[in-house]
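Here's the structure, in structure tokens; my notes come after.
Values reported hereafter were calculated over all heavy atoms of this structure, with side chains retained and with hydrogens, waters and symmetry mates removed. Quick note on labels: first sequence line is chain A, next is B, and so on, each numbered from 1.
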Amino acid sequence: MIEQEEKQKPLNFFQDSGGKKGILAWITSTDHKRIGLLYLYSLSVFFLVGVTLGLLMRLELINPGKDIVEAQTYNGFFTLHGVIMIFLFVIPGIPAVFGNIAMPLMLGARDVAFPKLNLLSWYLYIFGAALALSTLLVGKGAPDTGWTFYAPYSIKTGTNVTMAVFAAFILGFSSILTGLNFLTTIHRMRCEGMTWFRMPLFAWALYATSWIQLLATPVIGITLLMIAAERTLGVGLFDPTLGGDPILYQHLFWIYSHPAVYIMILPGMGVISEILPVFARRRIFGYTAIVYSSLAIAFIGYFVWGHHMFTSGMSGPARIIFSILTFLVAIPSAIKVFNWLATLYKGSIDLKPPMLFALGFIFLFLIGGLTGLVSGALATTVHLHDTYFVVGHFHYVMFGGTGFAFFAAIHYWFPKIYGRMYDIKAATRNFWIIFGGFNVLYFPMLWAGMMGMPRRYYDYLPEFHIPNIISTLGSWIVAFGIIMMIITLVKGFRNGKPVGKNPWNALTLEWQADSPPITENFEELPVVTEGPYEYKS
Amino acid sequence: MSTHVEHRDDTARKMGMWLFLFTELLLFGGLFLVYSIYRFANPEDFARGGHELNVFIGAVNTIVLITSSLTVAISISAMQQGNKKLVLQMLGITIFLAIVFLVNKYFEWGHKIHYDLYPGSNLFRALPPGEGLYFLLYYFMTGLHALHVIIGAIILGFMAWYVHKDEIDATNYALLENGGLYWHLVDLIWIFLFPLMYLIH
Ligand code: HEM
């Protein structure tokens with residue numbers, strides 16, 4: 001009898017079932033949680049490569065003049081740093097890792113709609129990443145165009161642009177397939193009783209994101225193919241001397257890449273909307289407003305690409321229209337921030353690490369957003385365009401925003417994934433190191449930018465020396481904090497205290513599953529009777 | 001110990017396909033955008049380029065593709081009625097038509113390449129810029145489309161194989177429908193390419 005009972009206890013997803021063992025069982029698994037972890041581990045490696053490049057750049061910039069690398073190497077550094085961080089970290093980041101792991105659980109589903117396709121997306125991701133990184137090693141060296149691959153320079157330079165562009169194309173394809181998978185999952189796999197408006201906000205955020213992935217990525221795909229064709233055939237598609245138009249390239253590029261900015265931030269906002277109610281013990285304020293603001297951001301986000309091109313040749317009326325539209329996107333973003341703050345109001349706030357990272361997100365994203373408005377206004381942008389102000393701005397948004405949301409997510413779902421808790425005290429300390437270091441690293445960039453220091457140079461004038469020294473110091477603090485964070489998490493994974501199903505007392509469905517969840521998530525699919533955030537405070 | 005049960009959800013499968021088709025439309029959409037902008041900038045050169053194309057071959061290929069869309073549609077109806085033999089015949093004809101299309105394309109391109117009209121050639125470099133753009137887009141767009149024809153034909157080949165093995169049958173044919181949808185897309189894009197490239201003068 002006892003033996004039989006033991007046999008019936010379902011395996012958790014770390015335990016191999018069905019023949020294959022070890023690594024092979026992982027890289028052939030179609031289990032959404034395993035795929036999510038595959039993404040997490042591979043993505044972390046690329047993130048660390050990106051951070052290393054960032055540190056090297058900061059080191060070069062500690063003094064004016066040449067310190068450690070030549071100008072050409074520096075150009076390769078910032079291009080690859082940008083490509084890695086954008087295409088390998090922030091774009092796939094939260095959806096591919098936490099969307100995969102948590103979203104089906106939150107919907108009360110057994111898996112995503114197309115598990116095999118899900119695994120294929122991961123393979124495409126790895127293939128694209130390998131291509132991108134190998135540009136460093138083969139041929140005429142890393143591309144030196146910046147991650148934007150602007151024509152006509154990207155067509156003329158001798159470096160490995162074709163390969164990098166092709167890598168970005170493959171990564172885009174991976175991203176499209178993930179989006180398609182999530183959309184179908186959300187439409188078709190919600191458990192009984194989970195109506196659209198009982199869906200957790202993270203799932204809503206992924207829903208909006210997936211639409212953008214699906215509808216914007218093909219445009220960059222074809223644009224990058226055009227760059228590749230142009231480089232092999234040389235017929236002047238974007239070359240003005242041969243009748244082409246380089247500005248057209250910029251339009252096509254940003255038609256994708258601006259919506260992509262929302263691919264980066266929306267899932268992060270979704271994570272924050274999950275974490276705040278749990279650690280404030282309050283119902284989320286303005287659920288519907290947050291849902292609609294996600295959709296609104298996704299929609300308006302398509303029409304603002306022109307604001308990247310204010311200074312590159314555009315008619316007056318077009319600039320005014322793009323500027324107005326840009327200010328419009330600020331509205332749904334602000335709606336979210338106000339709703340979050342209202343959720344906190346009168347809550348009993350518990351400053352556990354996930355909450356700290358979430359609050360850090362709000363603070364940094366606010367600075368990122370406000371500096372964004374400064375860069376989006378026609379009068380100020382002329383002064384600030386292509387300066388370190390912009391570099392500071394987008395690190396506040398992408399690193400302070402999405403990066404911090406990513407860290408928040410890992411601290412939040414960690415006990416669910418591994419069934420163990422990390423050292424809360426150490427994690428709290430790590431947060432303060434990263435958060436503090438972050439501001440030391442990037443605030444001086446805003447300052448240097450205001451003074452007029454241009455971006456993408458390995459050298460600068462002596463008058464910018466002070467902010468650069470401070471910034472480089474900050475980069476060391478951040479790097480130290482990230483290393484400490486990894487150590488804390490790995491220790492927690494190795495010998496943290498085992499936790500039950502629901503260590504945070506959260507109400508969304510993933511916390512009803514075992515920690516770690518069993519292979520098909522639930523022994524019996526849950527039935528939902530109310531919204532996801534009905535905390536009785 | 002595999003407790004996995006196949007949950008079949010045909011609606012989900014078709015939805016996935018439709019979403020994928022959107023992305024295909026946008027992929028070509030980017031090219032159509034570039035085409036319209038450059039056509040607007042160089043109307044005469046584009047018109048001159050259009051005169052160089054063989055409207056006859058283009059028209060034949062249009063008819064070939066539309067017919068193939070019909071045969072795919074028939075194969076799906078036949079599947080609903082469980083008429084396996086007709087399904088296989090119709091898929092066979094469709095694939096045959098795809099090959100006819102590609103052979104025509106081969107001769108059409110081959111002819112141009114024969115008299116040195118291809119990107120990178122000397123003749124090509126001597127063309128006025130707008131005409132160069134026209135031909136670049138011509139090769140790029142019809143080439144990408146031809147690639148889709150090849151992929152579509154391979155997909156339909158697999159469908160025929162599954163039907164043959166009874167993995168697709170009258171109760172479970174969403175896959176075949178998806179293959180058919182893809183083929184209609186290939187057809188649809190050509191319906192836009194043909195007038196844009198061959199007919200507007
Ligand atoms: C410790 C971490 C990091 C450091 C020290 C760092 C440092 C830098 C520096 C100094 C630049 C400017 C290079 C120049 O214009 O000359 C830069 C550019 C950039 N960074 Fe970072 N960064 C870090 C993390 C990140 C993260 C997490 C992201 C994205 C999520 C990111 C995305 C970018 C992008 C997109 C660029 C622009 C590249 C280009 O100009 O093409 N960085 N970074």
Proximity breakdown for [X] and chain B, heavy-atom pairs closer than 4.5 Å:
| X | value |
| --- | --- |
| A/F182 | neither |
| A/I255 | side chain |
| A/Y256 | neither |
| A/M189 | neither |

So which residue, [options], ends up with the most heavy-atom pairs under 4.5 Å with chain B?
| options | value |
| --- | --- |
| A/I220, A/T223, A/D245 | A/D245 |
| A/L215, A/L252, A/V219, A/L117 | A/L215 |
| A/R188, A/M226, A/H251 | A/R188 |

A side-chain contact here means heavy atoms from C-beta on lying under 4.5 Å apart; do [X] and [Y] qualify?
| X | Y | result |
| --- | --- | --- |
| B/M15 | A/L183 | no |
| A/I222 | B/F140 | yes |
| A/L214 | B/F20 | no |

Count the heavy atoms of every other residue, nucleotide or ligand shown that sit under 6.0 Å from [atom1] of [X], and state whether that count exceeds 12.
| X | atom1 | result |
| --- | --- | --- |
| A/F299 | CZ | no |
| B/H51 | NE2 | yes |
| A/W196 | CH2 | yes |
| B/Y162 | OH | no |
| B/Y139 | OH | yes |
| A/F173 | CZ | no |
| A/Y123 | OH | yes |

Under 4.5 Å heavy-atom distance to chain A, tell me which part of [X] shows up: side chain, backbone, both or neither.
| X | answer |
| --- | --- |
| B/L33 | side chain |
| B/L127 | neither |
| B/I37 | side chain |

Checking side chain to side chain contact (heavy atoms under 4.5 Å, CB included) for the pair B/T23/A/T217: CA distance, chi angles, key distance, verdict?
-> CA-CA 8 Å; B/T23 71; A/T217 317; over 6 Å; no
From the list A/N181, A/L180, A/I176, side chain to side chain contact (heavy atoms under 4.5 Å, CB included) with B/L19 holds only for A/L180
